[in-house]
Amino acid sequence: MAERRSRTQKKKKDPNAPKRSLSAYMFFANETRDIVRAENPGIAFGQVGKVLGERWKALSDDQKKPFEDKAEADKKRYELEKAEYLKTQQQ
DNA sequence: ACAATGATTGTTTGG
DNA sequence: CCAAACAATCATTGT
């Protein structure tokens, strides 16, 4: 159910498309990518991705908290552009 | 009002 | 530049 669209635009949604915000995983990845790659010199691209995911959940909910916190802040960012987009499109 | 959907976010490496 | 694997997201939409 709900197949993941391999990503990369596929369909249009909105005229200005405010784009949503990032996910905690993105913030976590920003830091982990450094670690994972540091511990796995020469690791393959697809492999790192998997290892990353394992690490992500490997953390305790409290550890993801800091990441969620950033995701939370990013969401606000989206809200802002969304408001602008709505305003613009309404005009 | 409620439910489901879709679209999106960022990272990794390599030709 | 783009591709998959990884996870979250969560706002928008339609009836």
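What's counted below: heavy atoms across the whole structure, side chains too, no hydrogens, waters or symmetry copies.
Whole-Å rounding puts the A:L59 CG to C:dA7 P distance at 12 Å. Across the protein-nucleic acid pair, A:Q47 atom CD and C:dA4 atom P stand 15 Å apart, rounded to whole Å. A:K82 places its NZ atom 10 Å from the P atom of C:dT13, with the value rounded to the nearest Å. The nearest whole Å value for the distance from the CG atom in A:L86 to the C1' atom in C:dT13 is 13 Å. Protein atom CD1 of A:I43 is 12 Å distant from nucleotide atom C1' of C:dA5, rounded to whole Å. Between the P atom of B:dT8 and the OH atom of A:Y25 lies a distance of 20 Å, rounded to the nearest Å. When the C1' atom of B:dT8 is taken as reference, atom CG of A:L22 falls 9 Å away, rounded to whole Å. B:dG10 atom P lies 8 Å from atom CG of A:D74, rounded to whole Å.
Between the CD atom of A:E68 and the CZ atom of A:F27 there is a distance of 11.0 Å, given to the nearest 0.5 Å.
Within the 4.5 Å cutoff, the side chain of A:R55 has heavy atoms near those of the A:F28 side chain.
Checking side-chain atoms of A:D69 against main-chain N and O of A:K65 turns up no donor-acceptor pair under 3.5 Å.
Nearest-nucleotide positions on DNA chain C for A:E72 and A:G53 put A:G53 closer to the 5' end. Nearest-nucleotide assignment on DNA chain C puts the 5′-proximal partner with A:K50, out of A:E68 and A:K50.
Note: the hydrophobic cluster containing A:Y78 does not contain A:M26 (ILVMFWY, side chain heavy atoms under 4.5 Å, direct or indirect links). Note on A:L22: it does not cluster hydrophobically with A:Y85, by side-chain heavy-atom contacts below 4.5 Å among ILVMFWY residues.
Below the 3.5 angstrom threshold, one finds no donor paired with an acceptor across the side chain of A:R20 and the base of B:dT9. The base of C:dT9 has none of its N or O atoms less than 3.5 Å from a complementary donor or acceptor on the side chain of A:S21.
For A:K57, the side-chain atoms get nearest to C:dA7 when compared with the rest of C:dT12, B:dT11, C:dA7. Across C:dT9, B:dG10, C:dA11, the shortest atom-to-atom separation from the side chain of A:S23 is found for C:dT9.
As judged by a 4.0 angstrom heavy-atom cut-off over every strand, A:Y78 is placed among residues touching the sugar-phosphate backbone only.
A close approach under 4.0 Å does not occur between any side-chain nitrogen or oxygen of A:K19 and OP1 or OP2 of B:dA7.
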